[in-house]
2 protein chains.
Amino acid sequence: MKELKQRSTCPISTSLDVLGDKWTLLIVRDLVFAGKSTYGQFLQSEEKMATNILADRLAVLEAQGIITKAVAADKKSKFTYRLTDKGVDIVPLLVELTLWGAKHCPTIANPRLLEELQAGKDAAVEKYQRLAREQALA
Amino acid sequence: MKELKQRSTCPISTSLDVLGDKWTLLIVRDLVFAGKSTYGQFLQSEEKMATNILADRLAVLEAQGIITKAVAADKKSKFTYRLTDKGVDIVPLLVELTLWGAKHCPTIANPRLLEELQAGKDAAVEKYQRLAREQALA
DNA sequence: ATGTTTACTTGTAAATTGCAAGTGAAATAA
DNA sequence: TTATTTCACTTGCAATTTACAAGTAAACAT
């Protein structure tokens with residue numbers, strides 16, 4: 001069981017103890033917005049995360065109750081990672097990260113998602129949370 | 001000028017290139033919620049960040065146009081750090097981090113702020129953004 | 001003139017990351 | 001049945017980053 005040290009009792013600091021690095025939230029992003037769910041799919045992302053880092057972060061996310069790991073329906077040699085309720089609650093954070101990055105950093109990707117978010121933040125949050133929950137049941 | 005490498009064109013990834021670590025957002029937190037503005041004040045925070053890390057992160061935040069650095073009104077040997085508009089736009093992110101941490105991680109701190117956020121997220125965001133803007137003018 | 005405050009910088013050990021290669025179980029192909 | 005490929009990791013090691021302790025330099029206070 002991967003355990004993390006809590007630096008203080010501040011909720012922001014505590015959240016960053018878990019989510020505050022360059023990779024963890026990209027995995028959650030792939031689960032929420034890209035519909036990905038397997039180790040191999042996460043590896044294929046544009047940012048090319050190292051295999052050991054991915055394995056480590058998946059273990060942390062599972063230990064923290066943010067994702068679950070289950071044998072895939074089709075193959076026994078494959079695992080399916082899904083968001084728990086705790087994980088689904090990260091969606092609003094991803095939305096804010098997206099809006100901030102889109103507004104303030106030079107970037108060109110995913111104009112469709114961006115338009116959707118800018119048109120209605122709360123509606124988009126609910127939509128992707130619902131999608132993630134549905135996938136978790138399947 | 002501190003420069004960062006952009007890993008992809010995804011806005012989430014790009015935001016994490018700047019904000020994705022354990023310390024940067026704690027500085028922004030101190031600027032927004034604790035009314036702090038000097039190197040010495042940031043050092044005094046509960047989480048005890050190392051002096052070289054603090055100096056590095058302040059330089060990055062300034063280079064990225066998230067904070068400004070100015071000689072303090074009272075002493076020439078002191079500097080005052082304030083949020084720019086780009087920095088003020090991080091407030092919604094901090095609010096989401098707070099709510100997530102408070103809901104899902106064992107923590108006890110700052111019940112007053114927490115109640116305020118849970119009572120009305122948007123109102124609280126606007127309030128702290130206004131406060132930060134006012135301080136930047138003073 | 002002397003000591004203190006403020007904002008850093010420097011040196012070094014420890015921890016983390018990034019890269020390349022390797023492992024082993026399960027699925028598929030011959 | 002055997003061989004090959006797929007999939008999900010693990011391992012080893014160099015490079016980068018972090019943490020800790022100490023030191024520096026300009027401004028300010030006495």
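Letters go in sequence order (proteins before strands), and every chain restarts at 1.
- Residue contacts shown for A/F42 are absent, as no nucleic acid heavy atom lies under 4.0 Å away.
- A/I27 places none of its side-chain heavy atoms less than 4.5 Å from the side chain of A/I67.
- Within the 3.5 Å criterion, the main-chain N or O of B/L4 finds no donor-acceptor partner in the side chain of B/D17.
- Taking only side-chain nitrogens and oxygens, A/R57 never comes nearer than 4.0 Å to OP1 or OP2 of D/dC9.
- Considering CG of B/L16 and CG of A/L25, their distance stands at 5.5 Å, rounded to 0.5 Å.
- In this structure, B/L4 atom CG and D/dT17 atom P are separated by 11 Å, rounded to whole Å.
- Between B/F79 atom CZ and C/dT9 atom P there is a gap of 10 Å when expressed in whole angstrom units.
- Under the 3.5 Å distance criterion, the side-chain polar atoms of A/T84 are matched with a main-chain donor or acceptor of A/G65.
- For the segment residues 17-29 of chain B, no residue has any heavy atom less than 4.0 angstrom from an atom of DNA chain C.
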Revision key, fill the gap. Whether each nucleotide of nucleotides 22-30 of chain C has a protein heavy atom under 4.0 Å at its base (B), only at its sugar-phosphate (S) or at neither (-) is summarised, 5' to 3', as ----SSS--
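- In this structure, B/E134 and B/R130 have side chains that are in contact, with non-hydrogen atoms separated by less than 4.5 Å.
- Regarding A/Q41, its CD atom lies at a distance of 16 Å from the C1' atom of D/dC9, rounded to whole Å.
- Here A/L131 contributes atom CG and A/K127 contributes atom NZ; the two are 6.5 Å apart, rounded to the nearest 0.5 Å.
- Between A/L58 and A/L54, some side-chain heavy-atom pair lies under the 4.5 Å cut-off.
- In the region residues 44-56 of chain A, proximity to DNA chain C at under 4.0 angstrom, judged on heavy atoms, holds for A/T51, A/N52, A/I53.
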Please tabulate, for side-chain N and O atoms in residues 93-103 of chain B, each donor-acceptor pair with protein atoms closer than 3.5 Å (sequence neighbours left out).
unit_1 : atom_1 : unit_2 : atom_2 : d
B/E96  : OE2    : B/K121 : NZ     : 2.8
B/T98  : OG1    : B/L94  : O      : 2.7
B/W100 : NE1    : A/K86  : O      : 3.0
B/K103 : NZ     : A/D89  : OD2    : 2.9

**Study point:** Strand DNA chain D as a dot-bracket string - pairs counted if Watson-Crick or G-U with both distances under 3.5 Å, | where the partner lies in another strand
**Key:** ||||||||||||||||||||||||||||||
Can you list, pair by pair, the side-chain donor-acceptor contacts under 3.5 Å of residues 40-50 of chain A, counting residues two or more places apart and other chains?
unit_1 : atom_1 : unit_2 : atom_2 : d
A/Q41  : OE1    : A/S37  : N      : 2.7
A/Q41  : OE1    : A/T38  : N      : 3.1
A/Q41  : OE1    : A/T38  : OG1    : 3.4
A/Q44  : NE2    : A/G40  : O      : 3.4
A/S45  : OG     : A/D30  : OD2    : 2.5
A/S45  : OG     : A/K36  : NZ     : 2.9
A/S45  : OG     : A/F42  : O      : 3.3
A/E47  : OE1    : A/R29  : NH2    : 2.9
A/E47  : OE2    : A/R29  : NH1    : 2.9
A/E47  : OE2    : B/S8   : OG     : 2.7

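- Counting heavy atoms from C-beta on, the side chains of B/T24 and B/I66 never come closer than 4.5 Å.
- For A/Q6 (side chain) and A/T14 (main-chain N/O), no donor-acceptor pair under 3.5 Å exists by modelled atom type.
- Atom C1' of nucleotide D/dT18 and atom CG of A/L16 are separated by 16 Å, given to the nearest angstrom.
- You'll find the side chain of A/Y81 stays beyond 4.5 Å of the side chain of A/L61, heavy atoms only.
- With rounding to whole Å, A/L58 atom CG is found 16 Å from D/dC7 atom P.
- Here B/Y39 does not reach the OP1 or OP2 of C/dT9: none of its side-chain N or O atoms lies under 4.0 Å away.
- When side chains are defined from C-beta on, B/W23 counts as touching A/R7, because their heavy atoms get closer than 4.5 Å.
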